[in-house]
Structures are given as C-alpha cells and as structure tokens.
2 protein chains.
Amino acid sequence: MKDVYLCRVISQSVADKQRDILNAALTLFVENGFHATPTSMIAKKAGVANGTLFHYYSTKDELIVALYTEIKTGLAKCVLAGDTEAETMKDKWKRYYTTAIEWGVDNPKEFRFTQQFISSPYMGMVSDELKKQGQLTTDLIKEGIKKKILKANEPELLNTILIGSVYAVNQYIMDSKLAYPERKKVINKSFDMLWGMMAV
Amino acid sequence: MKDVYLCRVISQSVADKQRDILNAALTLFVENGFHATPTSMIAKKAGVANGTLFHYYSTKDELIVALYTEIKTGLAKCVLAGDTEAETMKDKWKRYYTTAIEWGVDNPKEFRFTQQFISSPYMGMVSDELKKQGQLTTDLIKEGIKKKILKANEPELLNTILIGSVYAVNQYIMDSKLAYPERKKVINKSFDMLWGMMAV
DNA sequence: GTCTATACACCGATAGAC
DNA sequence: GTCTATCGGTGTATAGAC
C-alpha cells in the first residue's frame, strides 16, 4: 500500500476566472461562513468584477452548491482512484479509510467546507445523484457480510458510523496538529479498532 | 437501567418572552439557516416586537451563541442526571451513550441546531468554559484505561470517535425514522459494537 | 419591558458598454 | 467574457414614546 494519498481538488479542474472565484469563495466561506461572505468580497479576492461572478453563477446559492459538488466529486475520485481487483477486503477498507482522512488533511478548507455545508439547509439543494454517492460503501459492506467477512449488522448503520469516524479522526488529527509519522499511527490504530468492530 | 430518557431543553429554563424568542429562533434557524433568518422573522414568530429582541440580545450573533449555550448546557445536565456511584463502567457508558442519542431523538431541532452551529464560524465565539465540557468523558476514558477496563489508546481519539458515533447513530435513526422498539435495538447493537472496540 | 417607526448600510442581482 | 455603475430590497440596530 502506498504511503502518500495527496489529492488536490479544485485547483486544476476548471478554467481561469471561474477557478479563481471558486477558490476565493472556498477560503472566505470557511473563514466567515456563507452569510458573512458577500459576493462582492468573493469577487474582490478572486480578482474579478462583481458582475463576472454572476456570469458564471446566476445566484449565490448556485455558487455554493456548485462548490460543494466540485469538492465532493473530487473526493470520491480521489478515494476510488487506487481501486484494484487483487486486493483483500480489509486492504480496500483500509485504503478507503486512509485516503479519506488524508484527503481531509491535505485539503483542510475543503474538509471544513463540506462539514459546514452538510449541516446547512443548502444540503437540501444538491442533486439526488450526488447524495447517493454513499451508496457505494454501503454496497461494499453488504458484499462483506455476504462473504462472511463482516458481522451481519445493518449495513446503513455501519456505514454511518464509519463515515462519522472518518470525520471524527480527521478532526482529532487537525486539532492535535499531528504531523506525518504520528498521524499515520493514529490512522492505523483507529482503523484497527474499527475493523475489530466490523469484522467477523 | 430505565427505559425512557426524555429531556426537554429550552422550554422551562428562561422567562416568558425571552423563551419565546429562543424557541422561535431555534425553529427558524433549523429550517432556514442563520443567514436566511432575519431577526424580524424571529420576532414575528415569537410574537414580540423587533425592538424587544434587541432588548434581550444586543446583537443577532449574541442570540445565536446564547441559544447554543442554552442547548448544550441542557444536554450536559440531561446526560449527567442519572449518575450514581454504584454502577459499572460499562453501564455508565451505555447510559451516557443511550441518553445522548435519545436526547437527539426527543429534541430533533436542538440536535440539528448544534450540528449546524458546531461546524459554523460561530463556534469560535463560545466561551472556553463551554468548550471544555467534553473533558468529562475523556477523563472517564482515562480512568477506564487505568483500571484496565478500556484498551490503552489515546483517550482524546477514542472520545472523538465516540462523540462522532453518537452523532452518526442519531442521524441514522432520524433518517430511517425508527420508532421505539427498533430504535432501542439499534442503540444497543451499536453500543455493543463500540464497547467491543474500546473495552479490553 | 415592550412597542412603533425608522435610519442607513449593505448586499444580491441587473443593465449595458466594451 | 469582463467590466462599471447602479437599483431595489432587505436586514440590523437604534431612538424614543408608552
């Protein structure tokens, strides 16, 4: 298993000014929240005119949701990138788990933005398509149960706890400002704990 | 162990109009978010004049933080209410765990509000006193490790995972709209999983 | 303490030139 | 596509009567 899971999200995916707008918005939203960040401030930080912002996103809400979609898609791509056929289920889970947490470490603004977004009313505005992304890991749990590798619990419940743990461990790492060697230990240790909980 | 963990929060603790304002604010914040809820709307729903709101809270931010403090204190009181001396550590943990989750079920608005608040920039405005409330469970973990009841992991890390799991399981219960008998099963089952993870 | 009335800043969004 | 200029709407907070 490789050691580094770096994965940048927004930087390369869209063109010039639009990218600047998204990057500026991300930083400011995380710092000040959605409300306290006027579009004028975003435009200024992005180095574009106020009107230009509304050329790309016809409302502020649309910008916010677009930013979330962008980030979430990038995370999913990043986590699934290392998928191989020849891999035990435990290794696959460990890789998913590690990649997700390291992604949060490499992209702290993106991570905090998603947290903020998910528990906001904007969450109701995202497409069902994007919402169903979590289905993937639930399916993997079902497969694991069928193969008698995982304990026969409600898959959705286990999935929820796992996602919650990814957020929790990430939060812990960020709060404690853990650098690489210690960080890896914490990730491994917590994975072992969780695996002990879910595996037969 | 008793079966019902009901625990209302805001309703009784403060006087008349002020209580109406907090209740109205809570409902509207959860429905619309902080931004999309003007003070005028809060005042209207509370049945008071706009100026009255600013008599009790000199800024909107102050109102938001006060609401969080109120709710958080209520939750803490509720969880600690059943503390007894003669109780095994496992029972105490199970009671804390169960009470916290059931509190979220009984107070869905309060629960969603805290989620929204914690991941917002307002979180930076709360007193250090309130922030340190989580210290209590961490200390209990340390005690458990010393007594060789719990595995010798980083206490903070375990605490973070536990809190994350409480949120996660609550979310699962709410999303699945589980009623009492099934809900209890899920809580017990998930606690057993978690206890298996943390206990020696 | 509670109300009415209002000041005034500010923001989201548009119009239209280039 | 990008800019400047601007408008209409709205929100926080205050002033002052009761």
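So you know, we letter chains A, B, ... as the sequences are listed, proteins then strands, and number each from 1.
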Of the residues in residues 49-63 of chain A, which ones touch DNA chain D at a heavy-atom distance under 4.0 Å?
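Those residues whose heavy atoms fall under 4.0 Å from DNA chain D, taken from residues 49-63 of chain A in numerical order, are A49(A), G51(A), T52(A), H55(A), Y56(A).
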Using the ring pair (Phe, Tyr, Trp, His ring centres under 6.0 Å) criterion, which residues pair with [X]? Sequence neighbours excluded.
X	result
Y122(B)	F34(B)
Y97(A)	F191(A)
F111(A)	Y167(A)

Taking heavy atoms of chain B and a 4.0 Å limit, find me the 5'-most and 3'-most nucleotide of DNA chain D within that range.
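Reading along DNA chain D, I get dG11(D) to dT14(D).
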In whole angstroms, how far is the P atom of dG12(C) from the NE2 atom of H35(A)?
9 Å
Whole angstrom value for the distance that separates C1' of dG12(C) from CD1 of I21(A):
15 Å
Would a 4.5 Å heavy-atom cut-off, applied to side chains only, mark N153(A) and I145(A) as touching?
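No - every pair of side-chain heavy atoms lies 4.5 Å or more apart.
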Check whether any side-chain nitrogen or oxygen of T39(A) sits under 4.0 Å from OP1 or OP2 of dC11(C), and answer yes or no.
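It does not, given that no N or O in the side chain of T39(A) lies less than 4.0 Å from OP1 or OP2 of dC11(C).
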Look at atom NZ of K44(A) and say whether more than 12 heavy atoms of other residues, nucleotides or ligands are closer to it than 6.0 Å.
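Counting neighbours around NZ of K44(A), 12 or fewer heavy atoms of other residues, nucleotides or ligands fall under 6.0 Å, so no.
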Give a yes or no on whether K189(A) atom NZ has more than 12 heavy-atom contacts from other residues, nucleotides or ligands under 6.0 Å away.
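No, not enclosed.
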Quick test of your reading: applying ring pair (Phe, Tyr, Trp, His ring centres under 6.0 Å), list the pairs with at least one residue in residues 46-78 of chain A, sequence neighbours left out, ordered by first then second residue.
Y68(A)-F117(A)
Between K109(B) and E31(B), does at least one N-O distance fall below 4.0 Å, as a salt bridge requires?
no
